[in-house]
J.: 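The structure's right below; bear with me while I get my questions together.
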Amino acid sequence: MRTQFTVNDAAYGLDVEPRLTLVDALREECGLTGTHVGCEHGVCGACTVIVDGQPVRSCLMLAVQADGTSVSTVEGLAAAGPDGEVLHPLQEAFVTHHGLQCGFCTPGMLMSALHLIETETDLTRDRIREEMSGNICRCTGYQTIVDAIESAAATMSSQAAVR
């Protein structure tokens, strides 16, 4: 089946098997391997991407269901700068607060956290924990992840205030 969608503002037109999941399409057809395949049951959150502004478990969505949508993956977070890529404030906070752990869950954590920061105006640590409970970190480094998200939210809020 033919499906077309954008990923991180780049257009893709793909001929895919109807049963191909979005995460497999992203990794195998688009070459965007930042999104990880974890449990393949939608439980761990490692495959979380943003589809038309909503976090989605890409292991539970078929690529053909993404037809006509806009998908954001972890590869789209960093921006081009004069000396190369500049990390997104969320990525910077994960580095600073040691929220990366082994890194396997990080892409899904970052995408879930991005949606949370962009949609909640008054984030609390409890709210961060509640929202991120759908993403499993096998390293059990949740405290540093919550610290990183809280810090990134403050940074992004102050950057928005300056503009």
Side-chain angles (χ1 to χ4, degrees), residues 5-10 21-23 25-27 30 32-62 65-81 85-163:
F5 48 82
T6 62
V7 183
N8 305 324
D9 297 325
T21 63
L22 179 57
V23 69
L26 292 170
R27 293 180 59 83
C30 301
L32 299 169
T33 58
T35 303
H36 291 164
V37 181
C39 67
E40 297 184 84
H41 296 286
V43 175
C44 74
C47 66
T48 303
V49 297
I50 306 294
V51 177
D52 285 342
Q54 296 298 314
V56 169
R57 304 302 167 110
S58 60
C59 72
L60 298 180
M61 184 175 190
L62 298 174
Q65 292 176 298
D67 189 52
T69 66
S70 176
V71 180
S72 299
T73 70
V74 70
E75 287 94 344
L77 287 180
E85 284 194 335
V86 177
L87 293 179
H88 187 278
L90 198 49
Q91 293 171 307
E92 284 286 348
F94 267 65
V95 171
T96 301
H97 294 278
H98 307 289
L100 298 170
Q101 308 298 309
C102 80
F104 189 81
C105 69
T106 302
M109 292 277 186
L110 288 170
M111 299 315 288
S112 292
L114 179 65
H115 177 263
L116 178 64
I117 291 171
E118 289 181 344
T119 57
E120 298 268 337
T121 55
D122 188 26
L123 270 184
T124 64
R125 292 181 71 80
D126 286 342
R127 181 69 184 110
I128 293 170
R129 284 188 183 97
E130 178 184 357
E131 186 73 14
M132 299 307 293
S133 67
N135 291 72
I136 298 172
C137 170
R138 289 178 173 82
C139 302
T140 67
Y142 296 106
Q143 185 65 33
T144 56
I145 291 169
V146 172
D147 293 345
I149 294 169
E150 185 176 45
S151 174
T155 300
M156 292 168 66
S157 177
S158 67
Q159 288 176 345
V162 171
R163 292 182 194 150

J.: What residue among Cys39, Cys59, Cys137 forms side chain to side chain contact (heavy atoms under 4.5 Å, CB included) with Cys44?
T.: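 Checked Cys39, Cys59, Cys137 against Cys44; only one passes side chain to side chain contact (heavy atoms under 4.5 Å, CB included): Cys39.
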J.: What pair of heavy atoms forms the shortest contact from Gln159 to Pro89, and how long is it?
T.: OE1-CG, 3.6 Å
J.: Got Thr35 and Cys47 here, is their nearest side-chain heavy-atom distance under 4.5 Å?
T.: yes
J.: When rounded to the nearest 0.5 angstrom, what distance separates CD in Glu92 from CG in Leu77?
T.: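 Reported to 0.5 Å precision, the distance equals 12.0 Å.
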J.: First locate atom OG1 of Thr119, then atom CD of Glu131, and finally report the distance between them rounded to the nearest 0.5 Å.
T.: 6.5 Å
J.: From Leu110 CG over to Leu90 CG, what is the distance, rounded to the nearest 0.5 angstrom?
T.: 5.0 Å
J.: If you look only at pairs with a residue in residues 112-147, which of them pass as a ring-ring contact (aromatic ring centres under 6.0 Å, His included), with sequence neighbours excluded?
T.: none
J.: Stepwise, does the side chain to side chain contact (heavy atoms under 4.5 Å, CB included) test hold for Asp147 with Arg125?
T.: CA-CA 8 Å; Asp147 293 345; Arg125 292 181 71 80; 2.7 Å; yes
J.: Name all residues meeting the side chain to side chain donor-acceptor pair (under 3.5 Å) criterion together with Thr144; count only those two or more places apart in sequence or in a different chain, and write none if there are none.
T.: Gln101
J.: Could you pull out the closest heavy-atom pair between Leu22 and Ala66, with the gap in Å?
T.: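 In terms of heavy atoms, the two residues are closest at CD1-CB, 4.0 Å.
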J.: Less than 4.5 Å apart, side chain to side chain, heavy atoms only: is that true for Gln143 and His98?
T.: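 The answer is no, as the side chains (C-beta and beyond) never meet within the 4.5 Å cut-off.
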J.: Do the side chains of Met111 and Pro55 get nearer than 4.5 Å, heavy atoms only?
T.: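 The answer is no, as the side chains (C-beta and beyond) never meet within the 4.5 Å cut-off.
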J.: Between Val7 and Glu75, is there a side-chain heavy-atom distance shorter than 4.5 Å?
T.: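 When only atoms from C-beta onward are counted, Val7 and Glu75 do not touch, as no gap falls below 4.5 Å.
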J.: Rounded to the nearest 0.5 Å, how far does OG of Ser112 lie from CD1 of Ile50?
T.: 6.5 Å
J.: Which heavy-atom pair separates Phe5 from Cys30 by the least distance, and what is that distance?
T.: CE1-SG, 4.3 Å
J.: Where is the tightest heavy-atom contact between Glu85 and Ala78, given as atom of each residue plus distance?
T.: OE1-CB, 3.8 Å
J.: For Gln91 and Val74, which heavy atoms make the closest approach, and how far apart are they?
T.: NE2-O, 4.2 Å
J.: Using side chain to side chain contact (heavy atoms under 4.5 Å, CB included), reason through Val23 and Glu40 one step at a time and then give a plain yes or no.
T.: CA-CA 10 Å; Val23 69; Glu40 297 184 84; over 6 Å; no
J.: Ignoring hydrogens, what is the shortest heavy-atom contact between Val37 and Phe104? Give both atom names and the distance.
T.: O-CZ, 3.2 Å
J.: Evaluate the side chain to side chain contact (heavy atoms under 4.5 Å, CB included) criterion for residues Leu100 and Val95: first the C-alpha distance (whole Å), next the side-chain angles of each, then the deciding distance (0.1 Å), finally the verdict.
T.: CA-CA 6 Å; Leu100 298 170; Val95 171; 3.8 Å; yes
J.: Let me confirm one number: the CE-CD1 distance from Met132 to Ile149, rounded to the nearest 0.5 Å.
T.: 4.0 Å
J.: Does Gln54 reach the side chain of Thr69, with side-chain heavy atoms less than 4.5 Å apart?
T.: no
J.: Are Arg57 and Thr48 close enough, and set up right, to give a side chain to side chain contact (heavy atoms under 4.5 Å, CB included), and what steps lead you there?
T.: CA-CA 5 Å; Arg57 304 302 167 110; Thr48 303; 3.6 Å; yes
J.: To the nearest 0.5 Å, what is the distance between CG (Leu32) and CG (Leu26)?
T.: 6.0 Å
